[in-house]
Number of protein chains: 2
Amino acid sequence: MLSIGQLSARTGVKVPTIRYYEKMGLIAPPDRSVGNQRRYEPDALRRLSFIKHGRDLGLSLEAIAELIDLADDPARSCADADRIAREHLSAVQDKIARLKRLERELTRIASRCTGHTIGECYVIQALSDHALCDDEH
Amino acid sequence: MLSIGQLSARTGVKVPTIRYYEKMGLIAPPDRSVGNQRRYEPDALRRLSFIKHGRDLGLSLEAIAELIDLADDPARSCADADRIAREHLSAVQDKIARLKRLERELTRIASRCTGHTIGECYVIQALSDHALCDDEH
DNA sequence: TGTAATCTCTATAGTCGCTATAGGTTCAAG
DNA sequence: CTTGAACCTATAGCGACTATAGAGATTACA
Ligand SMILES: [Zn+2]
Ligand SMILES: [Zn+2]
Ligand SMILES: [Zn+2]
Ligand SMILES: [Zn+2]
């Protein structure tokens, strides 16, 4: 049996976050000690690590909750799990594309300032006028 | 004099967002009509466009507020403005790097599932075991 | 057994940048 | 003068936590 602090130490998930996951229904409320403190079975380590890994990969708690439901039913088709992964990948790729456009624009803006005063500052001018930009963002 | 709706239409910033910016101190409270509705001078277009452009480039409202302060003082050194731009660029680059690691990992995960059931699903297995990953994330 | 240090408990508020809703008032056109 | 669109304020909600306060539980050691 693990205390919440031990579970936290072994998974790298902070104590308040574990309580938050419980409140959100991602992990089942564990048994309690006589003094009302949470006591986890070793299996909770697996569950929580699954959630943490999903979060580290950028999945939403909603997607992780769906995947947990799916994982509990080994005979079922994995089409939904695969779809969640593909959709997330595609969202990540969209974010990368957007951030790359920003990076180009910001690199240009940040490198072009030759002035010493705000009055001449290209950063300020660029922000004041999107027409100076190469791209939409 | 512009109503908040006209200001919104001309800048692409939604009406509640304009009110939010006012509450957050990014734009000055405008004059009011007899019936207490906001009436903006044409200059508000410039201000709001500046804010919108900053947001479109991914700057935080806090950074934008700093830049607005700076922009009001043309004789001042632009070192702070340049620093804000460089720091933001660097934050964007960090995000891109992190997302690219995720992309690699997710591509691998999403493409490797050959099973038809959850029991064989590589997506579920990968989430259950970070040791299957190539990278940290 | 006493005590002190650490851990844990609940409940609540704050973070960021909005967005949505409710219930009311004002404005502009016909 | 009436209608309908636009506007007003205040409040709550989003996602995924994080921080705080004030109280109670557990553990280690003397
Ligand atoms: Zn400059
Ligand atoms: Zn631009
Ligand atoms: Zn699969
Ligand atoms: Zn991993």
Side-chain angles (χ1 to χ4, degrees), chain A residues 1-27 29-40 44 47-48 50-68 84 87-88 91-92 95 98 102 137, chain B residues 1-27 29-40 44 47-48 50-68 84 87-88 91-92 95 98 102 137:
Chain A
M1 291 298 241
L2 300 162
S3 71
I4 197 169
Q6 290 167 333
L7 186 60
S8 168
R10 298 215 196 167
T11 56
V13 179
K14 290 180 186 156
V15 168
T17 305
I18 297 174
R19 288 196 279 248
Y20 173 72
Y21 288 165
E22 181 185 326
K23 203 171 136 208
M24 293 296 105
L26 274 112
I27 53 183
D31 290 340
R32 298 288 182 127
S33 73
V34 186
N36 199 36
Q37 298 190 354
R38 288 169 181 82
R39 292 294 178 264
Y40 294 92
R47 285 273 184 182
L48 190 53
F50 186 97
I51 296 171
K52 175 161 169 48
H53 198 202
R55 290 295 298 135
D56 287 346
L57 287 165
L59 289 162
S60 69
L61 293 185
E62 193 190 352
I64 292 170
E66 265 192 80
L67 288 165
I68 288 175
I84 289 172
E87 282 175 4
H88 182 51
V92 166
K95 268 188 202 155
R98 170 157 192 276
L102 291 192
H137 10 252
Chain B
M1 293 296 242
L2 300 161
S3 72
I4 197 169
Q6 289 165 335
L7 186 60
S8 168
R10 297 215 198 167
T11 56
V13 179
K14 290 181 186 158
V15 167
T17 305
I18 297 174
R19 289 196 278 247
Y20 173 72
Y21 289 163
E22 180 184 325
K23 203 171 138 208
M24 293 296 104
L26 275 112
I27 53 182
D31 291 341
R32 298 288 183 127
S33 71
V34 186
N36 197 38
Q37 298 191 356
R38 291 170 180 80
R39 290 295 177 263
Y40 295 91
R47 285 273 183 184
L48 191 52
F50 186 98
I51 296 171
K52 173 159 169 48
H53 198 200
R55 290 295 299 135
D56 287 347
L57 287 165
L59 289 163
S60 69
L61 292 185
E62 193 189 352
I64 292 170
E66 266 191 78
L67 288 166
I68 288 175
I84 289 171
E87 282 175 5
H88 181 52
V92 166
K95 265 187 205 157
R98 169 156 193 276
L102 291 193
H137 13 251

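Numbered from 1 within each chain, the chains take letters A, B, ... in sequence-line order.
- Ranking D:dC7, C:dC9, D:dC8 by closeness to the B:N36 side chain, first place goes to D:dC8.
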Distance-only donor-acceptor hits, side chain of residues 12-25 of chain A, under 3.5 Å, sequence neighbours excluded:
unit_1: A:E22; atom_1: OE1; unit_2: A:R38; atom_2: NE; d: 2.7

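- Inter-residue side-chain proximity for B:H137 and A:L57 is flagged as met; some heavy-atom pair is nearer than 4.5 Å.
- Between B:R39 and D:dC8 there is no side-chain N or O to OP1 or OP2 distance below 4.0 Å.
- Separating the CZ atom of A:R55 from the C1' atom of D:dG15 is a distance of 8 Å, rounded to the nearest angstrom.
- Contact check, B:R19 against D:dC8: a side-chain N or O comes under 4.0 Å of OP1 or OP2.
- Expressed to the nearest 0.5 Å, how far CD1 of A:I51 lies from CD1 of A:I27 amounts to 5.5 Å.
- The distance from atom CE of B:M1 to atom P of C:dC27 is 13 Å, rounded to the nearest whole Å.
- Rounded to whole Å, atom C1' of D:dC14 lies 14 Å from atom NZ of A:K23.
- Minimum interatomic distance between B:Y40 and B:P30 (heavy atoms only, all atoms of both residues): CE2-CG, 3.4 Å.
- Residue A:R38 places no side-chain N or O under 4.0 Å from the OP1 or OP2 atom of C:dT8.
- Across the protein-nucleic acid pair, A:K14 atom NZ and D:dC17 atom P stand 10 Å apart, rounded to whole Å.
- Residue A:V15 is the one, among B:L59 and A:V15, whose nearest nucleotide of DNA chain C lies closer to the 5' end (criterion: closest heavy atom).
- Side-chain nitrogen and oxygen atoms of A:S33 include none within less than 4.0 Å of the OP1 or OP2 phosphate oxygen of C:dT8.
- Nucleotide D:dA5 holds its P atom 16 Å from the CD atom of B:Q37, rounded to whole Å.
- Protein atom OH of A:Y21 is 12 Å distant from nucleotide atom C1' of D:dT18, rounded to whole Å.
- With a 4.5 Å cut-off on side-chain heavy atoms, B:I68 and B:R47 count as touching.
- Distances shown here put every side-chain N or O of A:S60 at or beyond 4.0 Å from the OP1 or OP2 atom of D:dG15.
- When each of C:dC18, D:dA25, D:dT18 is scored by its nearest atom to the side-chain atoms of B:Y20, the top-ranked nucleotide is C:dC18.
- Here D:dC7 presents its P atom at 12 Å from CZ of B:R32, a figure rounded to the nearest Å.
- Rounded to a whole Å, the CE atom of A:M24 is 10 Å from the P atom of D:dA16.
- Closest approach to the A:I4 side chain among C:dT26, C:dT8, C:dT19 is made by C:dT8 (side chain taken as heavy atoms from C-beta onward).
- A sub-4.0 Å separation between OP1 or OP2 of D:dT18 and a side-chain N or O of A:T17 is present.
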